[in-house]
2 protein chains.
Amino acid sequence: MSKNDRFYTVRGYQLLNQEDKSLTSGMEDYLEMIYRNMEKEGYIRINTLSRLLNVKPSSATKMVQKLAALGLVDYQKYGIIFLTEDGKKYGKFLLDRHNVIEKFLQNIGITENLLLETELIEHSISKNTMKNIDLLNGFFETHPGVLEEFKKFKEIAGHGIGKT
Amino acid sequence: MSKNDRFYTVRGYQLLNQEDKSLTSGMEDYLEMIYRNMEKEGYIRINTLSRLLNVKPSSATKMVQKLAALGLVDYQKYGIIFLTEDGKKYGKFLLDRHNVIEKFLQNIGITENLLLETELIEHSISKNTMKNIDLLNGFFETHPGVLEEFKKFKEIAGHGIGKT
DNA sequence: TTCATATATTAGTCTTGAATAATAAATTTA
DNA sequence: TAAATTTATTATTCAAGACTAATATATGAA
């Protein structure tokens with residue numbers, strides 16, 4: 001059994017992850033949202049953040065403090081939240097990733113719960129996979145005939161098979 | 001802001017999820033692995049399971065007890081683990097889903113850490129997305145020229161852009 | 001400028017899924 | 001069959017990320 005043939009549970013991967021310096025998916029959710037708002041207004045506040053993420057302010061405070069400790073956000077008690085340079089870089093990456101996944105899902109025909117599906121998937125995508133999905137999106141864009149054909153294919157294949 | 005335009009954190013989605021009867025991703029990992037082994041040997045034991053999942057036996061015991069409580073596995077203390085009919089159905093679904101994701105990743109050119117990537121992604125895929133990705137796999141299979149073209153496209157586009 | 005309201009923080013609790021250590025049952029072997 | 005070994009369970013602990021309740025700070029109005 002080679003090194004990469006081993007199975008791990010999801011929790012196991014999380015534990016592995018914390019050894020390098022990457023963020024937990026919770027932190028990513030927050031950072032991505034802070035980044036979105038930075039682009040619009042240049043800053044964000046705890047209340048806005050918690051409302052946007054559907055979370056209580058107390059949870060947001062806690063997480064923002066963690067992000068601050070990691071040097072990704074710039075903030076002090078009762079204050080306004082900004083991103084540091086590092087935070088902006090990471091945030092941009094997160095938003096790009098989000099958009100890549102969303103575009104891909106649209107391409108293959110997901111219309112319902114598009115945001116929800118994107119949010120769920122994005123955290124589990126590696127940079128390599130993201131890059132390849134991005135390329136696939138680019139391929140579809142430059143080859144519109146292919147997507148057309150896929151749609152036709154779906155209409156035929158999608159009927160009556162009911163493979164779940 | 002429509003119902004589906006709301007953002008949630010990953011944990012938030014988990015909490016929403018636990019209201020319906022679906023399994024946590026942890027449970028899914030276990031059930032899928034049990035199913036794999038059922039196909040090979042007809043049963044599994046705690047030790048094997050924990051070894052395959054890279055987890056301690058105590059963790060496996062705990063999870064198997066939960067799955068038993070949900071009526072998905074058939075087992076009693078110190079005994080051998082089988083799947084119930086429900087467990088088999090769910091397990092088959094999980095394995096199918098795994099294979100769909102893995103095939104997709106292969107199609108777009110993921111070769112490194114294929115298993116790891118699959119494991120991470122599979123839990124966050126809805127049935128609808130799975131169905132559509134499956135159709136995309138089918139499309140690629142019946143239109144080998146398209147994948148060929150994609151490969152060429154990647155060779156050109158993949159150079160020098162370095163979008164991350 | 002003081003009081004009321006809005007906003008943010010802290011402390012403590014819950015759940016999930018890991019881990020360890022101690023214990024118990026089952027199995028092998030002498 | 002008794003002892004040694006393997007296998008499984010229980011009890012307890014830990015971290016993340018949610019929550020609530022209580023408290024603290026800031027801000028706007030009288």
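Proteins come first, then strands; the chains are lettered A, B, ... in the order of their sequence lines, and each starts at number 1. Please read all numbers here as calculations on a predicted model, not as lab measurements.
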Expressed as a whole number of angstroms, how long is the span from [X]:[atom1] to [N]:[atom2]?
X	N	atom1	atom2	result
B:Lys56	C:dA21	NZ	C1'	12 Å
A:Ile46	D:dC19	CD1	P	14 Å
A:Ile80	D:dT25	CD1	P	18 Å
B:Tyr43	D:dT7	OH	P	12 Å
B:Gln76	D:dT9	CD	C1'	14 Å
B:Leu49	C:dA18	CG	P	11 Å
A:Lys62	D:dA21	NZ	C1'	15 Å
A:Gln65	D:dG17	CD	C1'	14 Å

Next item on the list: Tell me, yes or no, whether the heavy-atom count around B:Glu39 atom CD, taken from other residues, nucleotides or ligands under 6.0 Å, exceeds 12.
Entry: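 Result for CD/B:Glu39: enclosed.
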
Check: Got a sec: does the CD of A:Glu41 have more than 12 other heavy atoms crowding it under 6.0 Å?
Finding: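 Result for CD/A:Glu41: enclosed.
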
Item checked: Pair A:Ser126-A:Thr129, side-chain donor/acceptor within less than 3.5 Å ->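 Yes, A:Thr129 and A:Ser126 have a side-chain donor paired with an acceptor closer than 3.5 Å.
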
Notebook entry, point to check: Any idea how B:Phe139 and A:Phe150 line up, ring-wise: parallel (<30°), tilted (30 to 60°), or perpendicular (>60°)?
Noted result: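 Rings of B:Phe139 and A:Phe150: tilted, as their planes differ by 30° to 60°.
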
Next item on the list: Using atom types as modelled and distance alone, determine if a side-chain donor or acceptor of B:Asn54 lies under 3.5 Å from a backbone N or O of B:Ser50.
Entry: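 Not at all, since once roles are kept as given, no pair shorter than 3.5 Å links the two residues.
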
Margin query: Closest-nucleotide mapping onto DNA chain D: is B:Ala60 or A:Met27 further toward the 5' terminus? I mean the 5' end.
Written below: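 The residue closer to the strand's 5' end, by nearest nucleotide, is B:Ala60.
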
Margin query: Under 4.0 Å from OP1 or OP2 of D:dT9: is there any side-chain N or O of B:Tyr75 that close?
Written below: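 Answer yes for this pair, as a side-chain N or O of B:Tyr75 is under 4.0 Å from OP1 or OP2.
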
Check: Any side-chain N or O of B:Asn47 less than 4.0 Å from the OP1 or OP2 oxygen of D:dT6?
Finding: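 False: B:Asn47 side-chain N/O out of range (4.0 Å or more) of D:dT6 OP1/OP2.
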
Nearest to side-chain heavy atoms of [X], which nucleotide of [options]:
X	options	answer
B:Tyr78	C:dA24, D:dG17, D:dA24	C:dA24
A:Arg45	C:dA18, D:dT10, C:dT7	C:dT7
A:Met63	C:dA8, D:dT7, D:dG17	D:dG17
B:Ser58	C:dT9, C:dA8, D:dT9	D:dT9
B:Lys66	C:dG17, D:dA18, C:dT9	C:dG17

Margin query: Counting the atoms with a prime plus P, OP1 and OP2 as sugar-phosphate, which does B:Thr61 contact under 4.0 Å by heavy atoms, base, sugar-phosphate, or nothing?
Written below: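 Answer is base: heavy atoms of B:Thr61 come under 4.0 Å of a base.
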
Checklist line | Touch class at under 4.0 angstrom, heavy-atom based, for A:Lys77 against every strand present | finding: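 Sugar-phosphate: the residue A:Lys77, judged by heavy atoms under 4.0 Å, touches backbone atoms but no base.
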
